[in-house]
Protein chains: 4
Amino acid sequence: MADKLILGGHEFTSRFILGSGKYSLDLINAAVHHAGAQIITLALRRANEGGVANILDYIPSGVTLLPNTSGARNAEEAVRIARLSRECGCGDFVKIEIMRDSKYLLPDNQETIRATEILAKEGFIVMPYMYPDLNVARDLAGAGAACVMPLGAPIGTNKGLTTREFIQILIDEIDLPIIVDAGIGRPSQACEAMEMGAAAVMANTAIATAGDIPAMAAAFRQAIEAGRTAYLAGLGRVRETASASSPLTGFLHD
Amino acid sequence: MADKLILGGHEFTSRFILGSGKYSLDLINAAVHHAGAQIITLALRRANEGGVANILDYIPSGVTLLPNTSGARNAEEAVRIARLSRECGCGDFVKIEIMRDSKYLLPDNQETIRATEILAKEGFIVMPYMYPDLNVARDLAGAGAACVMPLGAPIGTNKGLTTREFIQILIDEIDLPIIVDAGIGRPSQACEAMEMGAAAVMANTAIATAGDIPAMAAAFRQAIEAGRTAYLAGLGRVRETASASSPLTGFLHD
Amino acid sequence: MADKLILGGHEFTSRFILGSGKYSLDLINAAVHHAGAQIITLALRRANEGGVANILDYIPSGVTLLPNTSGARNAEEAVRIARLSRECGCGDFVKIEIMRDSKYLLPDNQETIRATEILAKEGFIVMPYMYPDLNVARDLAGAGAACVMPLGAPIGTNKGLTTREFIQILIDEIDLPIIVDAGIGRPSQACEAMEMGAAAVMANTAIATAGDIPAMAAAFRQAIEAGRTAYLAGLGRVRETASASSPLTGFLHD
Amino acid sequence: MADKLILGGHEFTSRFILGSGKYSLDLINAAVHHAGAQIITLALRRANEGGVANILDYIPSGVTLLPNTSGARNAEEAVRIARLSRECGCGDFVKIEIMRDSKYLLPDNQETIRATEILAKEGFIVMPYMYPDLNVARDLAGAGAACVMPLGAPIGTNKGLTTREFIQILIDEIDLPIIVDAGIGRPSQACEAMEMGAAAVMANTAIATAGDIPAMAAAFRQAIEAGRTAYLAGLGRVRETASASSPLTGFLHD
């Protein structure tokens, strides 16, 4: 039986999701062809600026579009963007992003719960970006979220899993896919998230700003697959003293 | 042009080396077929106990044997094991391992330099296991080592790159392949070593003790390839404040 | 001019606050006489069990009592405990603690904001224990909190500043004293929090479980004072390469 | 019985040692009067440039002078500097510093062992600066060192205990005072070293470059004393789940 990521009843074999933001045809191609992305985030507002139709032209068929609500400052704005997105033919998936400020871009957990509840009732497959707070993750699950998307570090910092302790708690306690979003700057960090039991990793900046975009996309794909495989294979424990790999019971005497 | 690891004039495409120690036919098969290992370490003493011939039967043709000197407590013992190894038909490669105690199994850098000098002059391809000390690495290079093999953490602890700061210095300063050996317990740690610019990673315990050995071997292969690719593709910088992935120049107003 | 901690108009010279929980006359004595505590937390429910009067007998005069609402699962319960506390003569200070579960004991940020708003309007000096979320800290400030008390790690884990990145953001962005509460297991961790700019540190378990309680109390006092002094004195920057302390411009030649 | 640091039969109550390098009358005064230093390092070469007599004028009586051999590139040069120092009336203490390059300023362990052996036989109280390698520490002990002085991070980087894992091994295995030297940039880092069981901490840059030199000196003193006290008092263990400080056995019901 294949190892699949299931979101709102849809099955995916890829566990890399392309985040929105730095956006180019090259990046989309790299994400799909080199990172194996089956889900691509789209910032609705940008789409509106250029016309949704144009952007959709870039998205290969078979790839699931994940419109986000970036720019929304509260639940009402997020809900409105989500509904508009569906009307425009962008499908039922929506990533909730609600932020109050533009310095740290930290998600507003409470407004995110409210938007999730409203949109889940309207039949959306809701993927909420959130600050990794266990109580909030429980509320999001109760509100009908299809997964929980905690940040690893503030967006674009490339600091990796600064919230490691709390993401592990979410993985252990919440019965939904945990998708790490934001802060992941290196394949090794994506790999570590997957080893911990994350269901998927979202990235954009780390690939978009690499010297060689297709190569970095491929590196993320491999690192994420490696982490997932290691998680399923079972990892060893950290020890305090050395444990001989080589047979050292008897030192050499003669 | 392919990206190759060159040791003593020999070219390898794989950057995973199977360490010695926990040894079984299953592990060797997993290393070769799932991790893509082209080099397999062999603890000479163990080979002698069971008969070198027997062990060699397990090693697939085309795989380079890397006999090590584990059990040696000084340069003389290491030199003697290396010569014996060559006489037994185990080839010109030798991994120097000289340890004084069996609690932390930390390499004796000074004796390692001495053994390296003697064996390099005798035409061996010398791969010295060492404690990551820049001055010692320089002496090993001067003594004719084919690479430098610093430890990440004490053998078998699975603690990862506890010597990160100093391995980075070796990578930046030494004009030889830097191969991280010992302490690597997870694919993400191997990936990080490669992202830093390590030339290869050696592991044994992490794979040998996994629940699913072939799967963990495959995970290491992917993680190492991911790290190498990311290193070549050029990684981004860590930032202190958020950097919007999504277009947030104008928040939504209506 | 002295460096003072100001909470609700009251001035304190000590920046160590004794947390509640493991409670004994020895601990209170050590906190006051060896750690210099001027504020001592009291779990109201426990007080009720034994009679508030009894507990108050232990608290030296001149020490400010900080009743907490531990055991409350929502804002209403917290508000009721706080009112009861004031009626019992425990004063105007109250530490809000609202937790839904007893495994990780993570604070419920949203209920905490609600309780803070109600109690601040009733004239309480409200000190809310919270999960270090910038948006929530802003709401607590808006609701009339006298300070913000983010956790360093789950209560009693002794893991230290696992939320370092986000506590720093609170310190930089919120114009209220930031008091680190929970998870601080060693004096060095308390010292680091103060170096970052925290206004005070609360601890209990680390002292209560030490082999020598008065000595550990004294150690916390010194470490906190050291960190505060260092913060005020201005710390240096981390550098990537060595910077000679000693004059090395010319190596010795002869 | 007082807790004393013993070096070569001499007793000290202070566990802060002023390193050499950035040198001024203000710094010496701060070290002695605010950090309580009883030992002050002196770079002999600088002393020679200005005349030893002049420098000695600055050192308060009762303070032990610790001449170092900075500038020495090998054992012979270090030995010569040490002998000169004794002839000049600088006493029997000597800190061995032998470095080959001026970029990372990492000590040459092997030459340091040689110099230690020669000077210990001549009656010096030898304090060797070293890269924290267990085998080398054993050789230094065997060669007659009065203590072992491992680096925390390259000199002047302020990175703290990057060699934490290996310094702990030295503390556990070597029966000599372990004095952490170099890399300590903050009082909290000095405190942590002492909590681990280090016997003393040496610093210079962190204090010399502070905005307020006397205040930072005082902060180091307190942090070091706090760490020592905590070490002697016995520290608690890190736990994976929360442990209620407050009585939470029964949540509030009504």
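It should be emphasised that the depicted structure is a prediction, and the values quoted were computed from it without experimental measurement. Chain letters run A, B, ... following the sequence lines, proteins first, then strands; residues in each count from 1.
Surrounding OH of B/Tyr231 are at most 12 heavy atoms belonging to other residues, nucleotides or ligands under 6.0 Å away.
Smallest separation of non-hydrogen atoms from A/Ala215 and B/Thr229: O-CG2, 3.2 Å. Taking both residues in full, the closest heavy atoms of A/Cys191 and B/Ala223 are given as SG-CB, 4.5 Å, listed atom of the first, atom of the second, then distance.
Interface check for chain B: of the options A/Gln189, A/Gln222, A/Arg228, A/Glu225, the most heavy-atom pairs under 4.5 Å are formed by A/Gln222. Ranked by non-hydrogen atom pairs under 4.5 Å with chain A, the options B/Ala153, B/Gly160, B/Ala230 are led by B/Ala230. If you tally non-hydrogen atom pairs under 4.5 Å between each of A/Ala218, A/Gly211, A/Pro214, A/Gly183 and chain B, the highest count goes to A/Gly211.
Judged purely by atom type and a 3.5 angstrom limit, A/Glu195 uses its side chain to pair as donor or acceptor with the backbone of B/Ser188.
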